[in-house]
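Everything below concerns the one structure shown next.
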Protein chains: 2
Amino acid sequence: MVTIYDVADRAGVSAATVSRVFNGIKVTPERAAAVHRAAAELGFVPNRNARRLRTSSSEIIAMLIPDIENPFFTAMARGVEDVARSAGYSVMLGNTDEEAEREQDYLRVAVSDPVAGIILVPASPQSQLDLAVERGVPLVCVDRRAPGRAADSVVADNVSGGALATRLLVEQGHRRIACISGPVGVDTADERVDGWAKEYLTRNGEPPAAELLVRSSFTVSGGASAARQLMSLPHPPEAILAASNKLATGVIRELSEAGLLPPQIGVASLGGLPLVLLPPEVIQVHLPARELGTTATEMLLERIRGLATPPRETVVPIDSATQQPSDLERV
Amino acid sequence: MVTIYDVADRAGVSAATVSRVFNGIKVTPERAAAVHRAAAELGFVPNRNARRLRTSSSEIIAMLIPDIENPFFTAMARGVEDVARSAGYSVMLGNTDEEAEREQDYLRVAVSDPVAGIILVPASPQSQLDLAVERGVPLVCVDRRAPGRAADSVVADNVSGGALATRLLVEQGHRRIACISGPVGVDTADERVDGWAKEYLTRNGEPPAAELLVRSSFTVSGGASAARQLMSLPHPPEAILAASNKLATGVIRELSEAGLLPPQIGVASLGGLPLVLLPPEVIQVHLPARELGTTATEMLLERIRGLATPPRETVVPIDSATQQPSDLERV
DNA sequence: CTGTTAGCGCGTTCAA
DNA sequence: TTGAACGCGCTAACAG
């Protein structure tokens, strides 16, 4: 391995000078030129491990997401990567599979690396962040609020999202609108339900019947079975609001198999759908996935640079203005 | 920062003993217990940087893909991560955006890290692997062959894939089958065309007319405009083979807008589609994305462990047997 | 089985 | 401005 000493020898300077050259510290031009030439000839590449050990810093941001095959999270990852990269950081991506244990494993690795900072979509409301918090590794939670409010959070305005989707269904002429959401206790799931219930009340003058709300897991099959349950009610809904892209996919699959699709029934999805063909009447409320990622990264960079205020929370709006389907969500 | 010395003091042993305990090297049980207790009390987390510097090894595999928002590559990433993780490695994921320059930037980072190994989907046939090859960092190319055959490659049997898709279209009763593929010079694009042309010749007794082949970029819009071009031929095709999931998406959108969908016209996609609402006649030839990832990782691990044979090439089959749509491709 | 010692490659004092 | 010397935290060699 070529080290700064090899370069120093060849350039006729000291190792310290080579180090200075590669760190942008003032050196006489001739010496700098000699160092650059020697480095090029030897194919010198600085060893970041040595640098990190010495400076106890790192240029790596760890990002932990529950599902790398979900377009929502990959769009978020894309946002993180863009901002991180332009600030000189690389991104380590880990898949927690929504499992607290895998998440903990990854956190252990990230903390002992140690990385410059962590961006986390918490796998559960009980996620343990102590490892990072105690070691002082900057950490920002995204999409879901930080468990115990122990760290910064960036979340979408899910209440408004739920309300918006509901409103759009109402504007299609539906009144009896059901809602399928994720597990009780999961922020995003709860808040989207709140938005739906609030808007339902406003529009219908009465709160939704309990039978119109089905809580499930955020999965395709969960969406399908919830839809089945709703459609077999004595008095089935006129429309269904699915609180995530996966749930919506399941709903649409189920309805399609039953020969029942928009505009015969109203369907709204919170989150863009990756489906190739979609009846134009299906409502998609696009979530600001990439923006969640960029915002979280910007907050993380502030922390990395030393910001020491108490945990903050940023809410990214979901409004009609942001409802441009990105080309990427339409893959 | 808590170091092994702090732990050693508290446990009444030497630093070397602490190191041994954390590396699974035999130590008397009492001492081991003391070390564990001291470590827990102090909240000790080993510093991997120091370890890496000392051992000049790393537990990180860098993976560079052209598009983190394409399900094909995320499925591949999933395969890589699963194998890597179970072997004790973490994965750093980088997005090259199909740009050789971004790729080179990432390679520079990976090499100077230095990571244990690199898994790369080459952004271009001219990709420069010298950085890694010269520094001896193990590298495996996947999906696309290693430029200059300078490293191991894992590719899908794209010729067979193209032929299989064509055959399935023939079995649907189509004869005049067009093909839309990616850029000339890109392995995967060229090979899929070869498979199509070969099968076309076998089935029709003559090679396809030149007008039946359209080369485009591997994008949704590329697929759409190619489909438009084909359908406006004086003698339009009876069926279209789209050589990637993105191309197929564009093709189907375009045809649908023209009110023309299977079974009126044949459509086959090389690569799974989120098919919830697709006519069942659309043919999907599933590409072994995850398997490409796992295979590449296994080959990389062999290299990391010291295997020093000349560059190898593994071809992952695409056959009728592998045509089970994964749940994930149907999100 | 254990402790002592040395050094991985680099950045940063301190004198010069 | 430059070079010599030190040490970041850890593991591998050696002697005990």
Side-chain angles (χ1 to χ4, degrees), chain A residues 1-36 38-39 42-60 88 108-116 135-137, chain B residues 1-36 38-39 42-60 88 108-116 135-137:
Chain A
M1 169 164 286
V2 184
T3 75
I4 51 171
Y5 288 91
D6 302 320
V7 176
D9 284 352
R10 187 167 187 112
V13 300
S14 76
T17 297
V18 177
S19 172
R20 289 179 184 119
V21 169
F22 277 87
N23 286 289
I25 296 172
K26 190 102 183 110
V27 166
T28 58
E30 309 88 66
R31 287 173 181 282
V35 167
H36 278 125
L42 295 173
F44 168 72
V45 179
N47 183 319
R48 297 198 180 222
N49 268 320
R51 161 187 252 281
R52 287 197 279 254
L53 178 58
R54 182 57 233 246
T55 62
S56 63
S57 74
S58 151
E59 338 66 35
I60 296 175
R108 210 184 320 279
V109 171
V111 166
S112 68
D113 200 85
V115 298
R135 297 277 292 197
V137 180
Chain B
M1 170 164 286
V2 184
T3 76
I4 52 172
Y5 287 92
D6 301 320
V7 176
D9 283 353
R10 189 170 185 108
V13 300
S14 75
T17 296
V18 177
S19 172
R20 289 183 183 114
V21 169
F22 278 87
N23 286 288
I25 295 172
K26 191 97 182 113
V27 167
T28 58
E30 309 88 67
R31 287 172 181 279
V35 167
H36 277 126
L42 296 172
F44 169 72
V45 178
N47 182 319
R48 297 198 180 221
N49 267 320
R51 162 186 246 281
R52 287 198 280 254
L53 178 59
R54 181 57 233 239
T55 62
S56 62
S57 74
S58 151
E59 339 66 37
I60 296 175
R108 208 184 320 280
V109 172
V111 166
S112 67
D113 200 86
V115 299
R135 297 275 293 197
V137 179

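We name chains A, B, ... by the order of the sequence lines, and we start the count at 1 in each one. Keep in mind the model is a prediction, meaning the values are calculated, not measured.
Comparing A15(B) and L53(B), the nucleotide of DNA chain C nearest to each residue sits closer to the 5' end for A15(B). When each of G12(B) and T55(B) is assigned the nucleotide of DNA chain C bearing its nearest heavy atom, the one mapping closer to the 5' terminus is G12(B).
If you check residues 26-35 of chain B against DNA chain D, you find no residue with a heavy atom closer than 4.0 Å.
Considering only residues two or more places apart in sequence or on other chains, S14(B) meets the side-chain hydrogen bond (donor to acceptor under 3.5 Å, both in side chains) condition with T17(B). Residues forming a side-chain contact (heavy atoms from CB on, under 4.5 Å) with R135(A) (at least two apart in sequence, or on another chain): V111(A), V137(A), M1(B), V45(B). T55(B) is linked by a side-chain contact (heavy atoms from CB on, under 4.5 Å) to R51(B), S57(B), counting only residues two or more places apart in sequence or in another chain. With sequence neighbours excluded, the residues that form a side-chain contact (heavy atoms from CB on, under 4.5 Å) with V2(B) are D6(B), V7(B), L42(B), F44(B). With sequence neighbours excluded, the residues that form a salt bridge (charged side-chain N to carboxylate O under 4.0 Å, His left out) with R52(B) are D113(A), E59(B). Take Y5(B) and apply the ring-ring contact (aromatic ring centres under 6.0 Å, His included) test, not counting sequence neighbours, and it matches no residue. With sequence neighbours left out, A11(A) forms a side-chain contact (heavy atoms from CB on, under 4.5 Å) with V13(A), A34(A), V35(A), A38(A).
Note: CG (N49(B)) to P (dG9(C)) measures 14 Å, nearest angstrom. Rounded to whole angstrom, the span from the CG atom of N47(B) across to the C1' atom of dC8(C) amounts to 13 Å. R54(A) places its CZ atom 8 Å from the C1' atom of dC10(C), with the value rounded to the nearest Å. Y5(B) places its OH atom 12 Å from the P atom of dG3(C), with the value rounded to the nearest Å.
In the helix from dC1(C)-dG16(D) to dA16(C)-dT1(D), the rotation axis of the first five pairs and that of the last five pairs differ in direction by 40°, rounded to 10 degrees.
Within 4.0 Å of T3(B), counting heavy atoms only, lie sugar-phosphate atoms of the nucleic acid but no base atom. Among the atoms of the strands shown, only primed sugar atoms or phosphate atoms (P, OP1, OP2) are found under 4.0 Å from some heavy atom of T17(B). Using a 4.0 Å heavy-atom distance criterion, F22(A) is classed as making no nucleic acid contact.
One finds the CZ atom of R31(B) at 5.0 Å from the OG1 atom of T28(B) (value rounded to the nearest 0.5 Å).
Smallest separation of non-hydrogen atoms from V115(A) and S58(A): CA-OG, 3.8 Å. Between V27(B) and A32(B) the shortest heavy-atom distance is CG1-N, 3.9 Å. The two atoms that bring P46(B) and S112(A) nearest to each other are O-CB, 3.1 Å, heavy atoms only.
No donor-acceptor distance shorter than 3.5 angstrom exists from the side chain of N23(A) to the backbone of I25(A), with no hydrogens or angles considered. Here the side chain of S56(A) pairs no donor or acceptor atom with the backbone of L53(A) at under 3.5 angstrom.
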Close N or O pairs between protein and nucleotides 13-16 of chain C (under 3.5 Å):
residue : atom : partner : partner atom : Å
dT13(C) : O4   : R20(A)  : NH2          : 3.3

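Close approach of DNA chain D to chain B, defined as any atom under 4.0 Å from a non-hydrogen atom of the protein, starts and stops at dG9(D) to dA13(D).
At the phosphate of dG11(C), OP1 or OP2 sits under 4.0 Å from a side-chain N or O atom of N23(A).
Among residues at least two apart or in separate chains, salt bridge (charged side-chain N to carboxylate O under 4.0 Å, His left out) pairs with a member in residues 8-22 of chain B are R10(B)-E41(B).
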